[in-house]
A.B. asks: 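Sharing a structure here in C-alpha cells format.
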Number of protein chains: 2
Amino acid sequence: MVTTHSHPQYDGDDPLMLAPVCSIFRRFLHDQGLKFTSERAHILDTVLTKTEVFEAEQLLNEMRSSDQKVSKATIYRTLKHLVECQIIEEVLLDPRQTHYQTCIGRPPTGHLMCVESGKIVEFPLEEIRELVNRICDEHGFQHVGHRLVIQGISPEAAQQDRDEAS
Amino acid sequence: MVTTHSHPQYDGDDPLMLAPVCSIFRRFLHDQGLKFTSERAHILDTVLTKTEVFEAEQLLNEMRSSDQKVSKATIYRTLKHLVECQIIEEVLLDPRQTHYQTCIGRPPTGHLMCVESGKIVEFPLEEIRELVNRICDEHGFQHVGHRLVIQGISPEAAQQDRDEAS
DNA sequence: ATCGATGCAAAAACTTTGCATCGGT
DNA sequence: ACCGATGCAAAGTTTTTGCATCGAT
C-alpha cells in the first residue's frame, strides 16, 4: 500500500486556516535548518490566495503591485521549498513554463486544458488512485505524486473555429 | 530512400509500417503547402528509432555523430510539425525541458518516473480512457490527448537512500 | 555572532527568430 | 521561378547562480 500524508484542511474561504499552513512551512524550514523570513511569509501568503494554477512571474507582479517587494530569485527559491514541503505542486501543463498550484488540504485534481484557448478546468482525481497505486506496486515504486492532464478543445474554441471557417 | 532502414524498436510486427508513417508525414506537409525535404526525412527516420522518451538535443547529437548534418533550428522546427501531425507527442515530464515520444501506431502509455534517479517506466493507459472520455463529455470538450505521469521513488533509489543513511 | 537569505545582475539552459542562401515542387 | 526550408548566429524566455550585504536565530 502506498503512503498517504494528511495535512490539516486548508479552506480558501477561511482566513483562519492560513495559520496552520504557515506553521507547517515554518516547521519544515526549521527542520532543515532554514529560516522563516518575512519574504517567505509574504510569498506563502500570496500563494495561498491563489485558487487556480499560477506562474512565478504572476506572483512577482502581484506582490510588486501590492507594494511587497521581493526579488525574482527569492520567488523561485521559495517556490522550490514550498514544493518540497508539499504545500504547492508543479502542474506541467506546458513544457515551456512551470505552473504551480496549491495542493495542501485539497483533494488531488486533474486538469482539462483547451489547446486553443488555454482555458483550464479542474476535475477530481480519486478514480485513478487505485490504478496509480497498482502501477506503483507493480514496479516497486514508492508513490510520491501523480498528474493527469487531458488536452482538448473547449466548446467555446470549437464554436469560434466554426465561425472562422464560414 | 531514408525510410527503408530497419528500425527494430518501432516496427515490432511489421517493418513495412515505416513507409506509411513517412507517407503520412508527406501528405501532412503537402496539405499545408510545406515541403518534404531530406532534412525532414532524416529527422523522421531518427525519431522513429526511438523507443523511449527523447529530447531535441539528443536527436541532434545522434544525427551529428552519424554523419547526417542538421541544424538545431531545423530539429526544433521539424519536431513541431511532427507533433502537429501526431506522429510524436510532447510528454511533459519535466518543466525545464520538452520531452517527446513517438505516439503513432502505438497504444497510449503513461509514465512512471523516479524523482530521484530520473528513471522512466512506461505503462499502458487503456484503463483511464473511459474516465477521460467522461470528463471531456461533461465539459463539452473535444478530446485531443491526455497524459498520466506518476512520480515515485524507484526500488533502486530507495535502496540507495537506505545505504546512504547508514 | 553565526550562517543562511536576499537582491541584483550575470549566466545558464532551452527554444525561437531574422536573414541570406539553398532547394523542392 | 516561386516560395518555403535551411543554417547560422543572435535574440528571447524562463530559471539558476555568484557575490556582497542583510537579518533571523
Side-chain angles (χ1 to χ4, degrees), chain A residues 22-23 25-47 53-61 63-64 67-85 88-100 118, chain B residues 1-3 22-23 25-47 53-61 63-64 67-85 88 90-100 118:
Chain A
C22 186
S23 312
F25 190 37
R26 229 163 168 149
R27 188 172 326 130
F28 168 85
L29 291 172
H30 182 264
D31 292 351
Q32 316 251 323
L34 306 176
K35 288 164 183 168
F36 182 75
T37 63
S38 65
E39 285 86 354
R40 286 177 179 169
H42 285 135
I43 292 170
L44 176 55
D45 255 24
T46 309
V47 161
V53 169
F54 61 90
E55 297 150 31
E57 199 71 23
Q58 255 177 52
L59 227 50
L60 185 67
N61 293 336
M63 294 186 68
R64 280 190 174 159
D67 75 30
Q68 299 169 352
K69 44 189 178 308
V70 205
S71 71
K72 192 177 290 192
T74 298
I75 297 258
Y76 279 106
R77 288 188 275 232
T78 301
L79 285 173
K80 270 192 179 160
H81 290 130
L82 290 171
V83 169
E84 268 189 278
C85 185
I88 64 175
E89 62 185 359
E90 296 179 339
V91 179
L92 304 187
L93 297 173
D94 175 350
R96 278 156 264 290
Q97 188 167 19
T98 305
H99 290 81
Y100 300 92
Chain B
M1 171 35 82
V2 278
T3 51
C22 186
S23 312
F25 190 36
R26 231 166 168 145
R27 186 170 326 128
F28 169 86
L29 291 171
H30 183 265
D31 291 353
Q32 316 252 321
L34 306 175
K35 289 165 184 171
F36 182 74
T37 63
S38 65
E39 286 85 355
R40 287 179 178 168
H42 285 135
I43 292 169
L44 176 55
D45 248 28
T46 309
V47 161
V53 168
F54 62 90
E55 297 150 30
E57 199 73 22
Q58 253 176 53
L59 227 51
L60 186 67
N61 293 337
M63 294 186 70
R64 281 190 174 159
D67 77 33
Q68 301 168 352
K69 42 187 182 306
V70 206
S71 71
K72 191 177 292 193
T74 298
I75 296 258
Y76 279 107
R77 287 188 276 232
T78 301
L79 285 173
K80 270 192 177 161
H81 289 129
L82 289 171
V83 168
E84 267 189 279
C85 186
I88 64 176
E90 296 179 340
V91 179
L92 305 188
L93 297 173
D94 176 351
R96 279 157 261 292
Q97 187 167 18
T98 305
H99 290 82
Y100 300 91

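Predicted, not measured: the structure shown is a model, and the values here were computed from it. Reminder, nothing fancy here: chain letters follow the sequence lines and each chain counts from 1. Only heavy atoms go into these numbers, but all of them, side chains included; no hydrogens, no water, no symmetry mates.
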A.B. asks: Using the closest heavy atom to pick a nucleotide of DNA chain C for each, name whichever of B:H30 or A:K69 lands nearer the 5' end.
C.D. replies: A:K69
A.B. asks: Nearest-Å distance, CD (B:Q68) to P (D:dG7)?
C.D. replies: 12 Å
A.B. asks: Closest to the B:F36 side chain: D:dT6, C:dT25, D:dT16?
C.D. replies: C:dT25
A.B. asks: Just the atom pairs and distances: protein N or O near nucleotides 18-23 of chain D's N or O, under 3.5 Å.
C.D. replies:
residue : atom : partner : partner atom : Å
D:dG23  : N2   : A:K35   : NZ           : 2.8

A.B. asks: Using heavy atoms to find the nearest nucleotide of DNA chain D for B:L34 and B:P95 separately, return the residue whose nucleotide is more 5′.
C.D. replies: B:L34
A.B. asks: Can you confirm whether the side chains of B:H99 and B:E55 place a donor and an acceptor under 3.5 Å from each other?
C.D. replies: yes
A.B. asks: Taking the side chain as every heavy atom from C-beta outward, state whether A:E90 and A:L79 have any atom pair closer than 4.5 Å.
C.D. replies: no
A.B. asks: A side-chain contact here means heavy atoms from C-beta on lying under 4.5 Å apart; do A:T78 and A:F25 qualify?
C.D. replies: yes
A.B. asks: Report the distance from atom OG1 of B:T46 to atom CG of B:L59, rounding to the nearest 0.5 Å.
C.D. replies: 6.0 Å
A.B. asks: Check the distance between D:dT16's C1' and B:D94's CG and give it to me in whole angstrom.
C.D. replies: 14 Å
A.B. asks: Using atom CD1 of B:I75 as one end and atom P of C:dT16 as the other, report the distance to the nearest whole Å.
C.D. replies: 13 Å
A.B. asks: A:D31 has an atom CG; how far is it from atom C1' of C:dG4, in whole Å?
C.D. replies: 16 Å
A.B. asks: Nearest whole angstrom, please: distance from the C1' of D:dT13 to the CD of B:Q97.
C.D. replies: 15 Å
A.B. asks: Using OP1 and OP2 only, check whether a side-chain N or O of B:S71 sits under 4.0 Å from D:dT6.
C.D. replies: no
A.B. asks: Taking A:V70 as the fixed residue, which of A:R64, A:M63, A:R40 is the one that meets the side chain to side chain contact (heavy atoms under 4.5 Å, CB included) rule?
C.D. replies: A:M63
A.B. asks: Quick one: are A:K69 and A:E39 in side-chain contact, heavy atoms under 4.5 Å?
C.D. replies: no
A.B. asks: Is the distance from OP1 or OP2 of D:dA24 to the nearest side-chain N or O of A:R40 less than 4.0 Å?
C.D. replies: no
A.B. asks: Does C:dT15 have OP1 or OP2 under 4.0 Å away from a side-chain N or O of A:R96?
C.D. replies: no
A.B. asks: So, does B:T37 get its side chain near the phosphate of D:dA5, meaning an N or O under 4.0 Å from OP1 or OP2?
C.D. replies: no
A.B. asks: Counting only side-chain nitrogens and oxygens, does B:T98 get under 4.0 Å of the OP1 or OP2 atom of C:dC14?
C.D. replies: no
A.B. asks: Would you mind reading off the distance between B:R64 atom CZ and D:dT6 atom P, rounded to a whole angstrom?
C.D. replies: 14 Å
A.B. asks: With distance as the sole test, does B:H30 use its side chain to make a donor-acceptor pair with the main-chain N or O of B:R26 at under 3.5 Å?
C.D. replies: no
A.B. asks: With a 4.5 Å cut-off on side-chain heavy atoms, are A:Q68 and A:D45 touching?
C.D. replies: no
A.B. asks: Contact class for B:K72 (heavy atom, under 4.0 Å): base, sugar-phosphate, or nothing?
C.D. replies: base
A.B. asks: Quickly work out the A:E57 CD to D:dT14 P distance and round it to whole Å.
C.D. replies: 7 Å
A.B. asks: Examine D:dT15: is either OP1 or OP2 under 4.0 Å from a nitrogen or oxygen in the side chain of A:Y76? Give yes or no.
C.D. replies: yes
A.B. asks: How many whole angstroms separate atom CD of B:Q58 from atom C1' of C:dA13?
C.D. replies: 16 Å
